[in-house]
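Encoded as structure tokens, the structure appears first; notes follow it.
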Amino acid sequence: MKESKNVISIQNHIKGAKEGKQISFNFLLDTFWNDIYNFQLKRTNDEYEAEDITIQSFSKAFDKIDTFKEEYNFKTWLTQISKNIHIDLLRKKKSSIQSQTTTQVDDAVYKIIDDNPTPEDKLITEQNLARLLSYIKQLKPNYQKVINLRYFQELSYKEIAEYLNEPINNVKVKLLRARKLLLEIITNNSENKSSL
């Protein structure tokens, strides 16, 4: 029963993501992040590389979400995208061609995240600055950087993408992930304080 409820929920969020709903992108990222990350960790034996490929995998999947056919398993589709990205990276390494990231972005990319504050944004901005900085320091450096650029330097997604020389989709997925991790740190610290 729980299994079929979960499948229905995933299908609803895939539909939501196709409509550009932020909450659906968050749900899909949260639900499948560990599966894709662990899949890549086994392939690469490198945490940083596995995380980077996982970010690229979600970036590409969210960009191509309109092409996903409901009769397929979403996790299998996502894993295949991730596998192809890894194979491409290995080919590029072998041929030692420096890949230039494209700055051309189609309209579908902009649907992933709009600029309206999310509940995570509100919680992040409500934190005392010194406390917030100490929480941010608990994140991995690449997440610290995107949080800093977005919230402290107040750069747009496009500006962050140009600054990091990364596709805008990667930036958006990194921010989704960074906000989720930061929210977990804030929530855990709040719970620990209240239990004292």
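If you read the sequence from its start, that first residue is 1, and numbering goes on from there.
- Shown here is F152, whose CZ atom has more than 12 heavy atoms of other residues, nucleotides or ligands within 6.0 Å.
- In this structure a side-chain-to-backbone donor-acceptor pair under 3.5 Å is missing from R43 to H86.
- In terms of heavy-atom proximity, L155 sits nearest to E159 at CA-OE1, 3.2 Å.
- E51 and K174 are not joined by a salt bridge, as no carboxylate oxygen comes within less than 4.0 angstrom of a charged side-chain nitrogen.
- Residues forming a salt bridge (Lys or Arg N to Asp or Glu O under 4.0 Å) with E184 (at least two apart in sequence, or on another chain): K180.
- Applying the 6.0 Å contact sphere to NZ of K140 captures more than 12 heavy atoms from other residues, nucleotides or ligands.
- The backbone N or O of N34 sits less than 3.5 Å from a side-chain atom of N38, completing a donor-acceptor pair.
- Aromatic ring orientation, F32 versus F74: tilted (interplanar angle from 30° to 60°).
- Rounded to the nearest 0.5 Å, atoms CD (Q40) and CD (Q56) are 9.5 Å apart.
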For this session: List the steps, then state whether side-chain contact (heavy atoms from CB on, under 4.5 Å) holds for I55 with R177.
Result: CA-CA 9 Å; I55 287 167; R177 185 76 182 141; 5.7 Å; no

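- Other residues, nucleotides and ligands contribute over 12 non-hydrogen atoms within 6.0 Å of the CG atom of L133.
- The 12-atom threshold is not exceeded at CD of E47, counting heavy atoms of other residues, nucleotides or ligands nearer than 6.0 Å.
- When side chains are defined from C-beta on, F62 counts as touching L28, because their heavy atoms get closer than 4.5 Å.
- Taking CG of N189 as the start and OH of Y135 as the end, the distance is 4.0 Å to the nearest 0.5 Å.
- For the pair I136 and N148, the minimum side-chain heavy-atom distance is 4.5 Å or more.
- When side chains are defined from C-beta on, L164 does not count as touching N142, because their heavy atoms never get closer than 4.5 Å.
- Looking only at distances, a side-chain donor or acceptor of Q144 sits under 3.5 Å from a matching main-chain atom of L139.
- Classification of D88 and R91 as a salt-bridged pair holds, one side-chain N sitting under 4.0 Å from a carboxylate O.
- Between the CG atom in L175 and the CG atom in N170 there is a gap of 11.5 Å [rounded to 0.5 Å].
- Grouping the Ile, Leu, Val, Met, Phe, Trp and Tyr side chains by contacts below 4.5 angstrom, directly or via other members, places Y48 apart from Y143.
- Following chains of ILVMFWY side-chain contacts shorter than 4.5 Å, one can reach I168 starting from Y163, so the two form part of one hydrophobic cluster.
- Inter-residue side-chain proximity for L132 and L182 is flagged as met; some heavy-atom pair is nearer than 4.5 Å.
- The pair K21-E19 counts as a salt bridge, with a side-chain nitrogen and a carboxylate oxygen less than 4.0 angstrom apart.
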For this session: Take F25 and V173 through the side-chain contact (heavy atoms from CB on, under 4.5 Å) test and state the conclusion after the steps.
Result: CA-CA 9 Å; F25 287 115; V173 173; over 6 Å; no

Problem set entry | F58/I81 under side-chain contact (heavy atoms from CB on, under 4.5 Å): CA gap, chis, key distance, verdict | CA-CA 9 Å; F58 279 97; I81 288 172; over 6 Å; no

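- Within the 4.5 Å cutoff, side-chain heavy atoms of K60 are placed close to those of I85.
- Judged purely by atom type and a 3.5 angstrom limit, S82 has no side-chain atom pairing as donor or acceptor with the backbone of L78.
- In this structure, the side chains of K18 and E70 come closer than 4.5 Å at one or more pairs of heavy atoms.
- The distance from atom OH of Y157 to atom CG of N169, rounded to the nearest 0.5 Å, is 12.0 Å.
- Between atom CG of residue D35 and atom OG1 of residue T76 there is a gap of 10.0 Å, rounded to the nearest 0.5 Å.
- Put simply, the side chain of Y151 does not reach to within 4.5 Å of the side chain of V146, judged on heavy atoms.
- Note: I36 CD1 to T31 OG1 = 11.5 Å, rounded to the nearest 0.5 Å.
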For this session: Just do the ring pair (Phe, Tyr, Trp, His ring centres under 6.0 Å) check on F68 and W77 with the steps written out, would you?
Result: CA-CA 8 Å; F68 176 73; W77 182 71; 5.0 Å; yes

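- Put simply, the side chain of D63 never gets that close to the backbone of S59: no donor and acceptor are under 3.5 Å apart.
- Within the 3.5 Å criterion, the main-chain N or O of T44 finds no donor-acceptor partner in the side chain of E49.
- Between the side chains of Q22 and N26, at least one donor-acceptor pair of N or O atoms lies under 3.5 Å.
- For the pair P167 and A161, the tightest heavy-atom approach, listed with the atom from each and the gap, is C-CB, 4.3 Å.
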